[in-house]
Amino acid sequence: MKKIILEKSKCIGCGSCVSLCPKYFELTEQGKSHLKEGEFDEKKETEEFEIKNLDCIQEAIQVCPVQAISII
């Protein structure tokens, strides 16, 4: 199983991840990206979500201009 990590502090709200992968990403009212089913870690300022199939997430990682999305 893979884990998607979204570093909220790096996100600039460009929306490219939302455009490419709306199944998993959305923009919040504050204009930042949000993992729809992610758990927020306050200490790390990250959202994390475990997933089997990466679907469109690889593309979202590649187009993120600030490299706020990663997979482990």
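For the single chain, residues carry numbers from 1 onward in sequence order.
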Checklist entry - Taking atom CG of Asn53 and atom NZ of Lys23, what is their separation to the nearest 0.5 Å? => result 7.0 Å
Checklist entry - What distance separates Ile69 CD1 from Glu47 CD, expressed to the nearest 0.5 Å? => result 11.0 Å
Checklist entry - For the atom pair CD (Glu39) and CZ (Phe49), what is the distance rounded to the nearest 0.5 Å? => result 10.0 Å
Next on the checklist: Within the structure provided, determine whether Pro65 and Ser16 are in side-chain contact (heavy-atom separation under 4.5 Å).
Outcome noted: yes
Checklist entry - Out of curiosity, Glu48 CD to Glu7 CD, how far, rounded to the nearest 0.5 Å? => result 10.0 Å
Checklist entry - Other than Val63, what residues sit in its cluster of Ile, Leu, Val, Met, Phe, Trp and Tyr side chains whose heavy atoms are under 4.5 Å apart, directly or through others? => result Leu20
Checklist entry - Between His34 and Lys8, is a side chain to side chain contact (heavy atoms under 4.5 Å, CB included) present by the stated rule, with each step listed? => result CA-CA 8 Å; His34 164 68; Lys8 301 286 281 188; 4.1 Å; yes
Item to check | Separation of Ile12 CD1 from Ser33 OG (nearest 0.5 Å) | outcome: 11.0 Å
Checklist entry - Can you tell me if Lys2 uses its side chain to pair, donor with acceptor, with the backbone of Ile71 under 3.5 Å? => result no
Checklist outcome for this item: All heavy atoms of Pro22 vs all of Lys36, minimum pair found to be O-NZ, 2.6 Å
Item to check | Atom pair CD1/CG of Ile5 and Asp41 - distance to nearest 0.5 Å | outcome: 9.5 Å
Checklist entry - Are Val18 and Ile4 in one and the same hydrophobic cluster, where Ile, Leu, Val, Met, Phe, Trp and Tyr link if side-chain heavy atoms are under 4.5 Å apart? => result yes
Checklist entry - Are Cys21 and Cys56 within a span of less than 2.5 Å, counting SG to SG? => result yes
